[in-house]
Amino acid sequence: MPDTKYVLAIDQGTTSSRAIVFDHGGQIVATGQKEHEQIFPRAGWVEHDPEEIWTNVREVVGLALTRANLTHRDIAAVGITNQRETAVVWDRTTGKPVYNAIVWQDTRTAKIAEELGALGGGAERYKDRVGLPLATYFSGPKVKWILDNVDGARAKAESGDLAFGNTDAWVLWNMTGGVDGGVHVTDVTNASRTMLMNLDTLSWNEEIAGDMGIPVSMLPEIRSSSEVYGSGREGGLLPGVPISGILGDQQAATFGQACFEVGHAKNTYGTGNFMLLNTGTSPIPSKNGLLTTLCYKIGDAPAVYALEGSIAVTGSLVQWLRDNLGIISSAPEIEELAKTVEDNGGAYFVPAFSGLFAPYWRSDARGALVGLTRYVNKGHIARAALEATAFQTREVLDAMNADSGVDLTELKVDGGMVQDETLMQFQADILGVPVIRPKVAETTALGAAYAAGIAVGYWSGEQDVIDNWAEDKRWSPALESGERDRQYRLWKKAVTKTFDWVDDDVS
Ligand SMILES: Nc1ncnc2c1ncn2[C@@H]1O[C@H](COP(=O)(O)OP(=O)(O)OP(=O)(O)O)[C@@H](O)[C@H]1O
Ligand SMILES: [Mg+2]
């Protein structure tokens, strides 16, 4: 590489947007971060303001560059990673969103999903083509909701004025000029979360889009995860800098964790938890409640697929204890509170706030705290909340083992919650395999940086990622297996108490 020496990653997440400057060794040089508002208009609805997100992205890029004492001339490439299924619909002629972004956790599309299933095939109607069950999680039905409910939106969509994207496409379009020549592109990993992309051909499925009443003209062009899509607009902070990597956040973490071989897996502990297992160059259908999804595609090389176990609520349960109950004042405090007690005191907390995702896919479930007695105190509740993350992860790991026919022998972890050592030890105890944390825990941003850097030759390929990866700490199982089995059985019983809560009177 000539004069330019760093790569910038933009991580447009569910709770915040981050910009991180990485050096050639994959080390963090500087970070900018800003949270955006979580908008809850009614029970079950979750929205973000796309304009706030775009403003924050610009701000954090400025912060990261300033803190690193760099200008755009020092940046070889920019990578984008993002919260995935969150749907933005905007007007290409004005650049304005027609509605707030509907976030992946939002459950308003339950009826739409049910109606689509009723056309034939039920929840599995599209699974053989897109790898996903009909559920509130994915973006396609969210776009349908916007077109059905926003005045004039459908007519504008049909005349070609509207554009859809997950937040990667929204950020890219704005970064490359917006109304002034913005590039409307997404990558295969994001496209695989819409329910609209054929897994085998990596192209939009017109029949499914037709079922949902979504004009294909609204959809971004599907590209690989590592190639030059465009460059920063003139007048912005990154004029002329190639934007050359896009990966959904969980796929980016998989990339940043160097999971390049069949059988490699990682688990990310953020707002929710997401375990991805690299299954190689052909999609493997799941028989156990996992998603078949794109893992990454580097330029012209064949696409690589993954099995994914998605858990909606893990770190956000910690936020809920902080913001809604006020029993802690910051996320790390949950560990101190949990350590005031020996065990969960018999309490099990199933955070089915958005229904249950993998491996159950039950939109009719809602959260439950069970096993309560006069004995239970807030320490037990804190512990039960942490344990919920570990138990849900065990259920996903069991599904992975069953689908792949091979038992994972260790688990690489990352994300905000892996700072919690009490949780990490309990995770190893409940899984019965070692849990390993890398030195650079910001693997999401790191993966996007690698994808972008590889596209412009800053890094030569996957081997650089493997060489830069380093272990920080590992936790080994210490719980006796009879006790592990007992607690896991009680967890599974607790899960059954959340089923069937939503009916005609409850949404
Ligand atoms: N020490 C801790 N113990 C337990 N949970 C924690 C701790 N620190 C952070 N968390 C939780 O981790 C989550 C933040 O993790 P992370 O920063 O990986 O998420 P994120 O990337 O911001 O999420 P997103 O990408 O969805 O915006 C929060 O939900 C927070 O409650
Ligand atoms: Mg994240």
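Fair warning: this is a prediction, and the values are worked out from it, not measured in the lab. Order of appearance sets the numbers: ligands from 1, and atoms from 1 within every ligand.
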| query | Closest non-hydrogen protein atom to atom 31 (O) of ligand 1, residue and atom name please, with distance? | reply | G315 O, 3.0 Å
| Any donor-acceptor N/O pair, S226 side chain to A451 backbone, under 3.5 Å | yes
| request: Test D398 against N401 for side chain to side chain donor-acceptor pair (under 3.5 Å), laying out the working first. | output: CA-CA 5 Å; D398 285 358; N401 288 343; 4.9 Å; no
| task | List every atom of ligand 1 that sits less than 4.0 Å from any heavy atom of I334, numbering the atoms from 1 in the order shown and giving each element. | result | 3 (N), 4 (C)
| task | Go through the steps for D249 and T444 under the test side chain to side chain donor-acceptor pair (under 3.5 Å), then give the verdict. | result | CA-CA 6 Å; D249 54 6; T444 300; over 6 Å; no
| field | Nearest protein heavy atom with distance in Å, relative to atom 10 (N) of ligand 1 | value | A331 CB, 3.7 Å
| remark: For S316, the ligand 1 atoms with a heavy-atom partner under 4.0 Å come out as 29 (O)
| query | Does ligand 1 have an atom under 4.0 Å from some heavy atom of Q83? | reply | no
| said: Please determine whether the number of non-hydrogen atoms from other residues, nucleotides or ligands lying under 6.0 Å from atom NZ of K493 exceeds 12. | reply: no
| ligand 1 and R18, any nitrogen or oxygen pair closer than 3.5 angstrom? | yes
| request: Distance to 0.1 Å, residue and atom name: give those for the protein heavy atom nearest to atom 18 (O) of ligand 1. | output: G416 N, 2.7 Å
| field | Shortest protein heavy-atom distance from atom 5 (N) of ligand 1, along with the residue and atom involved | value | M417 CG, 3.4 Å
| Distance-only N or O hit between ligand 1 and T15, under 3.5 Å | yes
| Is there a nitrogen or oxygen of T14 sitting under 3.5 Å from a nitrogen or oxygen of ligand 1? | yes
| remark: ligand 1 to S16, heavy atom cutoff 4.0 Å, flagged ligand atoms 27 (O)
| query | Hey, does V413 have a side-chain heavy atom less than 4.5 Å from the side chain of M424? | reply | yes
| field | Per-atom contacts of ligand 1 with G415, taking only distances under 4.0 Å to non-hydrogen atoms | value | 18 (O)
| field | Nearest atoms (heavy-atom pairs only) where C295 meets L247 | value | O-CD2, 4.0 Å
| task | Dump the intermediate steps for ring-ring contact (aromatic ring centres under 6.0 Å, His included) on F274 and Y269, then the final yes or no. | result | CA-CA 7 Å; F274 302 87; Y269 299 66; over 10 Å; no
| remark: Separation between CD1 (I381) and CG (L317), nearest 0.5 Å, reads 10.5 Å
| query | Which atoms of ligand 1 have any heavy atom of Q319 under 4.0 Å away? | reply | 28 (C), 29 (O), 31 (O)
| task | Tell me, with the steps shown, if T293 and R193 meet side-chain contact (heavy atoms from CB on, under 4.5 Å). | result | CA-CA 8 Å; T293 198; R193 316 301 293 187; 2.8 Å; yes
| Which residue owns the protein heavy atom closest to atom 2 (C) of ligand 1, what's the atom, and how far is it? | P332 CA, 3.9 Å
| Over-ring placement of R108 relative to W145, 6.0 Å and 45° cut-offs | yes
| What's the shortest distance from atom 4 (C) of ligand 1 to any protein heavy atom, and which residue and atom give it? | D420 OD2, 3.4 Å
| said: Please list the nearest protein heavy atom to atom 26 (O) of ligand 1 with its residue and the distance rounded to 0.1 Å. | reply: T271 OG1, 2.6 Å
| Under 6.0 Å from the CD atom of E342, do we count more than 12 heavy atoms belonging to anything else shown? | no
| query | Is ligand 1 under 4.0 Å from a heavy atom in the side chain of T444, in the backbone, in both, or in neither? | reply | neither
| atom 19 (O) of ligand 1 [closest protein heavy-atom partner, distance rounded to 0.1 Å] | G270 CA, 3.6 Å
